[in-house]
Amino acid sequence: MPELPEVESLRRILARSAVGRTIERARVTERRLRQKVARDLAAGVEGRRILRLGRRAKYLIIELSDGAAMVVHLGMSGSLTHRGKDFDDAEFDPRHDHVEFALDDRTRLVYNDPRRFGLIRLVAPGGLGAAPELAALGPEPLGASFNAEYLARMARGRRAAIKNLIMDQRVVAGIGNIYASEILFRAGVRPTRRAAKITHKEIERIVAATAPILRAAIGSRGTTFRSYRDSDGRPGRFAERLMVYGRAGKPCQVCKSAIRSVTVGQRASFYCPRCQR
DNA sequence: CTTACATCCTGATTGC
DNA sequence: TGCAATCAGGATGTAA
């Protein structure tokens, strides 16, 4: 579910409410996530203050006062919600609320993940640089190093579809299934085209389309397609602005042609047959 | 190295 | 309406 814009929205919201707070108590009620939650996670974070929140690709990074950090990934269905002082214990969902951090202002951060594809890992002080989750990630799509020359180099010789290429976290980090479709629509490139056959002009358009879409989505606090909620429990508003994703059969907002859906690399993909070549 | 595919898991939606 | 099949915003390991 959550791609870069959703995680960045989460980071910004929590930066206002959770940074500076001390984790008084933590509890893990379900350790079986994609990667098993360490037994000593709770003990390792209790008493530490949340110093800073960072993001790399789709990972939220919670830096703690002793130099350690938590690396959090929401998988497909995860969420990290900040629950207020008035939060009632009865609202705790024992099925999917897996990890809870009680903060010193009597609020709590709760990690909920029905499908359990996410992960939370405590990284020892100074260990972020060597974190395996982050090691192979490509450049941030909002950064200067994600440019046409770079993407052209990555596309060279690749038989994979261009959509798969831009969803490959080693190529560019943070783009998932929704935004890949949206970026390619804006760039006028069909998702099924082989990466190596994309012209340089088209590569330039793909790169140029990326930041505006991601920034707009962040501005809307992300996309709620089915179930995503931000840390305040509110749906993201970008769903209203999707041009192709999830709109199979509906008219293109630019040319009125019916949006098509195809499977590319086992993922649903959407495009306009007229606007995208 | 690249690509194709199954797999982890539960819930919502679709189709009969 | 009920129930089973299908699909879901992600990432990884394995095999070819």
Side-chain angles (χ1 to χ4, degrees), chain A residues 1-10 29-37 55-60 71-80 93-98 111-121 131-138 141 153-184 191-197 213-214 217-218 220-230 235-249 261-270:
Chain A
M1 97 173 38
E3 306 181 32
L4 184 151
E6 288 72 37
V7 180
E8 178 61 20
S9 299
L10 172 65
T29 51
E30 174 59 82
R31 297 177 55 221
R32 293 172 303 166
L33 302 186
R34 181 174 100 219
Q35 179 184 102
K36 205 153 189 190
V37 178
R55 180 191 58 74
R56 177 77 171 99
K58 303 172 191 174
Y59 290 90
L60 180 72
V71 172
V72 180
H73 195 291
L74 302 176
M76 289 267 241
S77 57
S79 62
L80 192 60
D93 174 1
R95 289 180 314 157
H96 304 312
D97 284 348
H98 305 315
Y111 180 83
N112 176 291
D113 187 1
R115 290 177 77 180
R116 307 208 304 267
F117 282 179
L119 72 89
I120 300 185
R121 195 170 68 81
E133 295 87 352
L134 312 179
L137 292 173
R153 204 180 331 124
M154 299 310 282
R156 203 167 297 154
R158 301 273 298 236
R159 306 183 72 246
I162 183 64
K163 176 160 173 278
N164 289 339
L165 187 77
I166 63 174
M167 285 178 65
D168 186 333
Q169 302 301 298
R170 296 165 301 188
V171 172
V172 55
I175 298 171
N177 206 32
I178 290 185
Y179 298 109
S181 279
E182 295 298 309
I183 288 165
L184 292 175
T192 47
R193 297 259 308 277
R194 289 188 191 282
K197 297 199 171 179
I213 292 201
L214 297 179
I218 293 167
S220 299
R221 295 193 330 276
T223 300
T224 293
F225 189 65
R226 289 184 167 196
S227 58
Y228 170 78
R229 292 291 183 278
D230 72 17
R237 291 177 287 112
F238 197 70
E240 312 154 18
R241 299 179 55 186
L242 294 177
M243 300 296 278
V244 289
Y245 188 86
R247 299 191 70 251
S261 89
V262 285
T263 298
V264 180
Q266 284 135 263
R267 308 301 298 277
S269 309
F270 301 86

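Nothing here was measured: the structure is a model prediction, and the numbers come from that model. Numbered from 1 within each chain, the chains take letters A, B, ... in sequence-line order.
Using a 4.5 Å heavy-atom cutoff, the side chains of Val244(A) and Arg247(A) are not in contact. Side-chain contact between His73(A) and Arg34(A) is present, with heavy atoms from C-beta onward closer than 4.5 Å.
Between His73(A) and dA11(C) there is a side-chain N or O to OP1 or OP2 distance below 4.0 Å.
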Checklist entry - Can you give one letter per nucleotide of nucleotides 5-11 of chain B, going 5' to 3': B for a protein heavy atom under 4.0 Å from the base, S for sugar-phosphate only, - for none? => result BB-BBBB
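Atom P of nucleotide dA8(C) and atom CD of Glu3(A) are separated by 13 Å, given to the nearest angstrom. One interatomic measurement links the two molecules: CG of Leu74(A) to P of dG10(C), which rounds to 11 Å at whole-angstrom precision. When the P atom of dA8(C) is taken as reference, atom CG of Asn177(A) falls 8 Å away, rounded to whole Å. In this structure, Asn164(A) places its CG atom 19 Å from P of dC1(B), rounding to the nearest Å. Rounded to a whole Å, the NZ atom of Lys58(A) is 6 Å from the C1' atom of dG10(C). Here dA4(B) presents its P atom at 13 Å from NZ of Lys163(A), a figure rounded to the nearest Å. Whole-Å rounding puts the Gln169(A) CD to dG10(C) C1' distance at 8 Å. Look at CD1 on Ile175(A): it is 12 Å from P on dA11(C), rounded to the nearest Å.
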Item to check | Base-pairing string, 5' to 3', of DNA chain B - Watson-Crick or wobble, under 3.5 Å, | interstrand | outcome: .|||||||.|||||||
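Taking the six-membered ring where the residue is Trp, Tyr179(A) and Phe238(A) present tilted rings, their angle falling between 30° and 60°.
Atom name P, nucleotides dA6(B) and dT6(C): the rounded distance is 14 Å, in whole Å. Nucleotides dC9(B) and dC3(C) place their P atoms 26 Å apart, quoted to the nearest Å.
Paired with Asn177(A) under the rule side chain to side chain donor-acceptor pair (under 3.5 Å), one option of Glu3(A), Lys163(A), Glu182(A) passes, and it is Lys163(A).
Contact record, Val172(A) with Ile166(A): CG1-O, 3.4 Å, taken as the closest heavy-atom pair. Between Leu4(A) and Ala173(A), the shortest heavy-atom contact is CD1-O, 3.9 Å. Of all heavy-atom pairs spanning Gly78(A) and Tyr111(A), the tightest one is CA-OH, 4.3 Å.
Listed for the Thr29(A) side chain is a donor-acceptor partner under 3.5 Å among the backbone atoms of Asp97(A).
Within 4.0 Å (heavy atoms only), Tyr245(A) reaches sugar-phosphate atoms of the nucleic acid but no base atom.
Checking dT2(B), dT12(C), dG10(C) against every side-chain atom of Tyr59(A), the shortest atom distance belongs to dT12(C).
Looking at residues two or more places apart in sequence or on another chain, you find no ring-ring contact (aromatic ring centres under 6.0 Å, His included) involving His98(A).
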